[in-house]
Asks: 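One structure follows; several queries about it will come next.
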Amino acid sequence: MDPPVKSEDDKKKTKLQIFHKIAYNTLMNENEFETRYDHIKSDSEIYKLWEDAGYFNPDICIEKGVTAPDAESFSIILPPPNVTGELHMGHAAMLAIEDVMVRYHRMRGKRTLWVPGTDHAAIATQSKVEKMIVKEEKKNRHDLGREEFLKRVNAFAQESHDTIVKQVKRLGASLDWSRETYTLDETRSFAVRTAFKKMYDMGLIYRGNRVVNWDPKGQTTISDDEIVYEERSAKLYTFRYDKSFPISISTTRPETKFGDTAVAVHPDDPRYKDFIGKEYDVLFCGAPLHIKIIADDAVEKDFGTGALGVTPAHSSIDWEMAQRHDLPLLQVIDEYARMTIAGPINGKKTTEAREWIVEELKKDNLLEREEVVTQNISTAERTGAIVEPLPKLQWFIAVNKKFKDVKSGEEKTLKELMKESVTGGEIQILPDRFEKIYFNWIDNLRDWCISRQIWFGHQIPVWYKKSNPEEFFVGVEAPEGDNWIQDADTLDTWFSSGLWPFSVFNWPKETDDFKTYFPNSVLETGYDILFFWVARMILMTTCLTGEVPFRKVYLHGLVRDIKGQKMSKSKGNGIDPLEMANKYGADATRLSLIIGAAPGNDIKISEDRIRGYRNFSTKIWNIARFIRMNYAEGMEKTAINEKYKEYIDELEALKSETTKHIDDFEFHLAAEKIYHYVWHTLADKIIETEKEKMKDGADIEKAETYVLLEHLLLESMKLLHPFMPFVTEAVYQKFHPEKILMVEQW
RNA sequence: GGGCGUUUAGCUCAGUGGUAGAGCGUUCCGUUCACAUCGGAGAGGUCGCAGGUUCGAUCCCUGCAACGCCCACCA
């Protein structure tokens with residue numbers, strides 16, 4: 001007889017099993033079933049087991065035969081944590097949910113990739129380091145100089161990065177670390193410069209003198225989305241510029257009126273109809289102004305006097321109006337929020353100027369009314385400073401300009417492209433109520449100012465001719481010769497993170513990864529960065545690749561403390577996920593963030609919850625230990641007896657329910673059902689019913705029961721693995737040291 | 001001004017067109033038993049309010065209220 005022929009596959013498998021066995025035996029003694037699950041020790045050993053096996057990397061999964069080479073791919077990019085410090089509970093929730101998806105799809109045999117990375121987070125990181133330096137050395141960034149300052153920021157970023165990576169691993173995230181990237185590394189920087197150049201050539205990036213949001217404290221522009229509105233009470237003054245002027249106007253900022261070039265009224269307002277088109281020379285608090293009366297629909301008839309002093313240089317609404325009516329721009333406030341007009345208030349702060357003007361108006365009997373109103377004031381998210389709208393020469397992305405769409409070849413605007421990606425169903429946003437919010441944002445979107453006057457970030461790839469700064473060069477690399485000087489500004493951090501879905505695959509190179517894993521299957525993140533990030537990725541990706549960045553967007557809620565407040569260090573109400581992982585295990589921490597968290601709803605977390613799930617992992621351990629203790633050497637492993645059909649059916653039902661829930665992004669339901677099954681069905685009912693037989697039954701009964709219980713246990717460990725990877729893997733190892741649960745078939 | 005979410009046990013939250021669920025807490029009983037990080041038993045809820053649809057509503061519809069969030073920005 002011929003010896004049995006081993007197929008290549010079998011050989012591979014045997015080799016694999018030996019490898020696993022050796023790897024595992026070096027970690028723990030398989031013959032002992034410890035009385036307690038020691039998560040601190042075991043969690044790290046198991047993560048190492050996974051890392052050494054290499055299965056986080058889909059290429060190795062294929063190489064080792066656990067994934068078919070032609071398997072469908074499943075890819076997620078990790079929303080890159082900012083290198084500003086440490087992970088918080090929100091990150092932990094994100095990691096837990098994404099790891100559930102990734103582990104599930106990997107176990108289903110998909111070619112599964114989860115790409116790790118970190119975000120340089122430009123302004124956030126820079127201001128953090130700046131604050132540290134001010135505090136510790138009483139110096140600001142200008143004292144250090146650009147080069148030295150950047151050195152400091154990079155060192156801080158590196159340190160944060162290392163901490164973050166350690167923390168991400170501690171939580172069990174099955175990320176492919178061999179593909180790790182950073183938004184500011186060389187490959188990503190190349191992608192950023194390429195994107196800038198391409199969009200410039202497409203006519204979508206332009207340099208323009210427009211009214212921007214200026215942060216006088218941070219000394220930089222910020223985008224509309226970086227503004228936080230704060231409700232404050234303010235005084236609304238009603239007055240005339242001077243006695244000769246026929247119309248009264250109302251404003252909360254009289255100091256800006258030195259920049260007025262028009263007064264706008266509603267075209268249908270009978271009170272002012274006769275004035276439209278007339279022009280006046282007035283003397284406002286000693287300053288000569290030339291005011292034209294214009295009619296514009298944007299004016300609210302019922303507010304104030306129904307007439308609006310138009311200040312094109314210091315209000316974006318007024319600036320737009322000025323564009324429509326071809327009004328001149330008159331800047332009277334500088335970058336430090338100080339007055340630039342000649343006279344007694346030159347160089348004074350806007351608030352001081354305001355008081356002075358009011359006094360002048362009173363003196364001249366021009367002030368008609370003074371009332372207290374509540375208004376929403378724009379403040380800069382990062383510094384808290386009141387935003388000063390100023391005209392500045394900056395770089396913008398045009399969202400309303402037609403260009404030739406890469407995919408359809410049709411003339412479209414970025415806004416249209418962003419909208420179509422979702423209305424056309426190419427991208428699905430879950431929960432779907434966020435689609436409406438997304439559309440609403442697009443409708444209000446204005447040209448995106450992308451240049452920032454900060455140092456940390458991607459320097460704008462534009463070079464100006466030293467001899468003639470009007471002449472500039474836009475390119476991926478610097479132009480030849482030393483007659484050029486690069487734009488000192490850097491790009492908004494969301495410009496580079498907008499490229500993330502494909503820059504992680506080394507775009508613009510057409511890499512295999514790009515072909516295999518792009519578009520990403522799912523983008524999972526908190527709903528708070530829908531506009532900042534998700535929308536920007538859709539914008540950049542559809543524009544540059546002609547493809548959508550991902551098929552589905554799954555938005556999770558925010559993690560809050562027990563009082564419902566956002567967790568933050570300054571409030572001291574944060575629960576540190578790492579502390580929880582060390583206290584109760586990563587599994588318990590993860591489960592507490594999944595169960596009870598409906599998609600898109602905020603979750604309030606407390607230590608008690610986490611402790612409850614730690615008890616669950618102890619329970620699992622004991623169930624496994626009990627079953628294993630009833631295994632006798634030489635026990636005959638029969639097939640499962642027909643009489644246990646009910647148990648098997650129950651398990652099968654659980655399997656299909658769980659599968660459906662995960663496919664439907666209902667992770668909380670899936671986890672809860674498995675939880676309930678393991679504790680209250682398997683342990684409380686089935687084991688309690690069958691344990692007598694294990695003790696006192698005949699050998700055949702003992703064996704039958706054992707086989708049944710082992711089957712139920714190990715199958716439920718598979719179902720639970722994506723949610724609680726550590727304890728389930730540890731249990732599985734006790735039964736199958738030659739295998740790794742992480743890559744078992746779902 | 002526009003939009004969205006939430007309202008269910010003492011607390012934090014899931015869930016469902018047909019006698020209501022989890023964690024924690026609480027009451028009683030039980031430790032030579034895999035597990036006291038446990039087991040068993042229990043208390044505790046007119047599922048925010050008012051209408052409507054339905055044989056039947058906590059769930060669907062309408063209105064209202066309270067709380068929270070997002071967007072716009074009336075200058």
Side-chain angles (χ1 to χ4, degrees), chain A residues 33 35-37 39 224-225 227-229 231 234 236-238 249-254 256-257 260 263-264 296 298-311 314-318 321 373-378 431 433-445 527-528 530-531 557-558 560-566 584-585 588 591-592 594-598 600-630 666 668-669 671-673 675-676 679-680 683-684 687-688 691-692 694-695 709:
Chain A
F33 213 119
T35 50
R36 289 269 157 96
Y37 179 71
H39 60 256
D224 292 346
D225 295 282
I227 289 177
V228 179
Y229 290 101
E231 204 170 83
L236 181 70
Y237 304 96
T238 302
I249 54 161
S250 299
T251 183
T252 51
R253 299 196 62 191
T256 62
K257 298 293 104 183
D260 282 14
V263 161
D296 196 290
V299 178
E300 206 65 47
K301 270 187 283 191
D302 302 329
F303 185 86
T305 59
L308 162 69
V310 184
T311 323
H314 299 292
S315 152
S316 49
I317 297 287
D318 293 9
M321 222 181 269
V373 292
T374 51
Q375 65 164 182
N376 280 330
I377 196 152
S378 312
R433 64 172 188 268
F434 287 105
E435 293 195 348
K436 224 178 184 175
I437 298 175
Y438 172 76
F439 292 137
N440 180 254
W441 182 79
I442 296 177
D443 289 340
N444 290 315
L445 187 62
Y527 66 74
D528 55 331
L530 176 62
F531 308 140
L558 308 183
R560 296 172 184 279
D561 75 357
I562 207 75
K563 286 180 197 146
Q565 290 178 313
K566 217 170 162 177
Y584 304 112
L591 205 59
S592 74
I594 287 178
I595 293 186
N601 284 8
D602 291 354
I603 179 172
K604 288 181 198 162
I605 193 84
S606 68
E607 195 168 332
D608 280 344
R609 265 172 80 82
I610 303 170
R611 195 190 312 127
Y613 292 116
R614 184 274 317 269
N615 296 355
F616 178 51
S617 73
T618 306
K619 187 74 187 176
I620 292 168
W621 187 253
N622 281 301
I623 294 167
R625 191 164 151 254
F626 173 69
I627 293 174
R628 193 64 189 164
M629 277 167 60
N630 284 288
E666 296 166 333
H668 60 304
L669 295 183
E672 233 230 276
K673 282 189 177 160
Y675 172 92
H676 195 268
W679 201 323
H680 302 299
D684 291 352
I687 292 182
E688 288 304 322
K691 75 199 284 189
E692 285 307 309
M694 296 262 270
K695 242 169 90 182
L709 294 180

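We name chains A, B, ... by the order of the sequence lines, and we start the count at 1 in each one.
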Asks: In this structure, how many angstroms lie between the P atom of B:rU31 and the CG atom of A:N622, rounded?
Replies: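 Result: 19 Å.
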
Asks: Can you tell which of B:rU12, B:rU37, B:rA34 lies closest to the side chain of A:R614?
Replies: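 Of all the options, the side chain of A:R614 is nearest to B:rU37.
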
Asks: State whether the distance check finds a donor on one side and an acceptor on the other, under 3.5 Å, for side chain A:E666 versus base B:rA14.
Replies: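 Checked by distance alone, the answer is no.
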
Asks: Does A:D684 have any salt bridge (Lys or Arg N to Asp or Glu O under 4.0 Å) partners at least two apart in sequence or in another chain, and if so, which?
Replies: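 If we apply the salt bridge (Lys or Arg N to Asp or Glu O under 4.0 Å) test to A:D684, skipping adjacent residues, there are no hits.
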
Asks: Measuring from the side chain of A:A598 (C-beta onward, heavy atoms only), which nucleotide among B:rA14, B:rC35, B:rU37 has the closest atom?
Replies: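 The answer is B:rA14.
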
Asks: Rounded to the nearest 0.5 Å, how far does CD1 of A:I377 lie from OG1 of A:T252?
Replies: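 CD1 of A:I377 is found 7.5 Å from OG1 of A:T252.
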
Asks: Quick one: what's the B/S/- string for nucleotides 20-30 of chain B, heavy-atom cutoff under 4.0 Å, read 5' to 3'?
Replies: ---SS------

Asks: In whole angstrom, what separates A:D528's CG from B:rG5's P?
Replies: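 Atom CG in A:D528 sits about 18 Å away from atom P in B:rG5.
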
Asks: I'd like to check the salt bridge (Lys or Arg N to Asp or Glu O under 4.0 Å) partners of A:R253; sequence neighbours left out, ordered by chain and number.
Replies: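 A:R253 satisfies salt bridge (Lys or Arg N to Asp or Glu O under 4.0 Å) with A:E255, A:E388 only.
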
Asks: For A:Y584 versus A:R614, what's the shortest heavy-atom pair and its separation?
Replies: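 Minimum heavy-atom separation between A:Y584 and A:R614: O-CG, 3.3 Å.
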
Asks: Between the base of B:rC35 and the side chain of A:K619, is there a donor-acceptor distance below 3.5 Å?
Replies: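 In this structure, the two groups form a donor-acceptor pair.
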
Asks: Counting any heavy atom closer than 4.0 Å, what does A:R628 reach on the DNA or RNA strands: base, sugar-phosphate only, or nothing?
Replies: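 No contact.
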
Asks: Going from CG on A:D296 to CE on A:M321, what distance comes out if it is rounded to the nearest 0.5 angstrom?
Replies: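 Answer rounded to 0.5 Å: 4.5 Å.
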
Asks: Using side chain to side chain donor-acceptor pair (under 3.5 Å) as the criterion, list what pairs up with A:E300, not counting sequence neighbours.
Replies: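 Partners of A:E300 by the side chain to side chain donor-acceptor pair (under 3.5 Å) criterion come out as none, since no residue qualifies.
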
Asks: Say you pick atom P in B:rU12 and the same atom in B:rG51; how far apart are they, in whole Å?
Replies: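 The answer is 29 Å between these two P atoms.
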
Asks: Provide the distance between the two P atoms, one in B:rG18 and one in B:rG25, to the nearest whole Å.
Replies: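 Comparing P positions in B:rG18 and B:rG25 gives a spacing of 32 Å.
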
Asks: List for me each residue that meets side chain to side chain donor-acceptor pair (under 3.5 Å) alongside A:N615, sequence neighbours excluded, and say none if there are none.
Replies: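 For A:N615, no residue satisfies side chain to side chain donor-acceptor pair (under 3.5 Å) once neighbours in sequence are set aside.
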
Asks: Dot-bracket, RNA chain B: Watson-Crick or G-U, under 3.5 angstrom, [ ] crossing, | other strand?
Replies: (((((((..((((....[..)))).(((((.......))))).....(((((..]....))))))))))))....

Asks: For A:D302, check salt bridge (Lys or Arg N to Asp or Glu O under 4.0 Å) against everything at least two apart and list the hits.
Replies: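 Partners of A:D302 under the salt bridge (Lys or Arg N to Asp or Glu O under 4.0 Å) test: none.
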
Asks: Quantified in whole Å, what is the C1' atom distance between nucleotide B:rU31 and nucleotide B:rG48?
Replies: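 Roughly 45 Å separates the two C1' atoms.
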
Asks: Between A:I620 (CD1) and B:rC38 (P), how many Å, whole number?
Replies: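 Rounded to whole Å, this separation is 13 Å.
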
Asks: Enter the distance from A:I605:CD1 to A:D602:CG here, rounded to the nearest 0.5 Å.
Replies: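 Going from the CD1 atom of A:I605 to the CG atom of A:D602 covers 12.5 Å.
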
Asks: By side chain to side chain donor-acceptor pair (under 3.5 Å), which residues pair with A:Y237, not counting sequence neighbours?
Replies: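 With neighbours one apart ignored, the set is empty.
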
Asks: Measure the acute angle between the ring planes of A:W441 and A:F531, then classify it against the limits of 30° and 60° as parallel, tilted or perpendicular.
Replies: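 Parallel.
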
Asks: Could you tell me which residues satisfy side chain to side chain donor-acceptor pair (under 3.5 Å) with A:D318, sequence neighbours excluded, listed by chain and number?
Replies: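 Checked A:D318 against side chain to side chain donor-acceptor pair (under 3.5 Å); matches are A:S315.
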
Asks: Quick check: closest heavy atoms across A:V299 and A:G306, and the distance to 0.1 Å?
Replies: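 Smallest heavy-atom distance, with atoms named: CG1-O, 3.5 Å.
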
Asks: For B:rC4 and A:K436 - does any side-chain N or O of the residue sit under 4.0 Å from the phosphate oxygens OP1/OP2?
Replies: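 The answer is yes; a side-chain N or O of A:K436 sits under 4.0 Å from OP1 or OP2.
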
Asks: Between B:rC35 atom C1' and A:F616 atom CZ, what is the distance in whole Å?
Replies: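 Atom CZ in A:F616 sits about 13 Å away from atom C1' in B:rC35.
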
Asks: Could you go through nucleotides 7-9 of chain B and list every protein N or O atom that sits under 3.5 Å from one of its N or O atoms, giving the distance for each pair?
Replies:
none

Asks: In whole angstrom, give the distance that lies between atom CZ of A:F626 and atom P of B:rC38.
Replies: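 Going from A:F626 (CZ) to B:rC38 (P), I get 17 Å.
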
Asks: Taking CZ from A:R433 and P from B:rG3, how many angstroms apart are they, rounded to a whole number?
Replies: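 Distance check: A:R433 CZ to B:rG3 P gives 16 Å.
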
Asks: Roughly how many Å apart are B:rU62 and B:rC69, using the C1' atom of each and rounding to a whole number?
Replies: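 About 24 Å, rounded to a whole number of Å.
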
Asks: Determine the contact category for A:I627: base if any of its heavy atoms lies under 4.0 Å from a base atom, sugar-phosphate if only primed atoms, P, OP1 or OP2 are that close, otherwise nothing.
Replies: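 Nothing: the residue A:I627, judged by heavy atoms under 4.0 Å, touches no strand.
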
Asks: For A:H668 and A:T618, find the nucleotide of RNA chain B closest to each by heavy atoms; which residue's nucleotide sits nearer the 5' end?
Replies: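 It is A:H668 whose nearest nucleotide is closer to the 5' end.
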
Asks: Rounding to a whole Å, what distance do you find between A:D684:CG and B:rA34:C1'?
Replies: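 So the CG-C1' distance, A:D684 to B:rA34, works out to 13 Å.
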
Asks: Sugar-phosphate means primed atoms, P, OP1 and OP2; the rest is base. With that split, encode nucleotides 69-75 of chain B 5' to 3' as B, S or - using protein heavy atoms under 4.0 Å.
Replies: -SSBBBB

Asks: For the pair A:W679 and A:F616, name the ring-plane relationship: parallel under 30°, tilted 30 to 60°, perpendicular over 60°.
Replies: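 Because their plane-to-plane angle is under 30°, the rings of A:W679 and A:F616 count as parallel.
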
Asks: A:E688 has an atom CD; how far is it from atom P of B:rC35, in whole Å?
Replies: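 For the pair A:E688 CD and B:rC35 P, the rounded distance is 12 Å.
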
Asks: With rounding to the closest Å, how many angstrom separate the P atoms on B:rA75 and B:rU7?
Replies: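 After rounding to an integer number of Å, I get 35 Å for this pair.
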
Asks: Rounding to the closest angstrom, what is the interatomic distance between B:rC11 and B:rU26 at atom P?
Replies: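 These two P atoms come out 15 Å apart once rounded.
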
Asks: Quick check: closest heavy atoms across A:G309 and A:K257, and the distance to 0.1 Å?
Replies: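 Result for this residue pair: O-NZ, 3.0 Å.
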
Asks: Taking the C1' atom in each of B:rU58 and B:rG15, what is the distance between them to the nearest angstrom?
Replies: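 It works out to 10 Å between them.
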
Asks: Going by salt bridge (Lys or Arg N to Asp or Glu O under 4.0 Å), name the residues that satisfy it together with A:K673, two or more places apart in sequence or in a different chain.
Replies: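 Salt bridge (Lys or Arg N to Asp or Glu O under 4.0 Å) check on A:K673 returns A:E657.
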
Asks: Say you pick atom P in B:rU6 and the same atom in B:rC60; how far apart are they, in whole Å?
Replies: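 That atom pair is separated by 10 Å.
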
Asks: May I ask you to say what A:N630 touches in the nucleic acid, namely base, sugar-phosphate or nothing, with a heavy-atom cut-off under 4.0 Å?
Replies: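 Here A:N630 touches no strand at all.
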
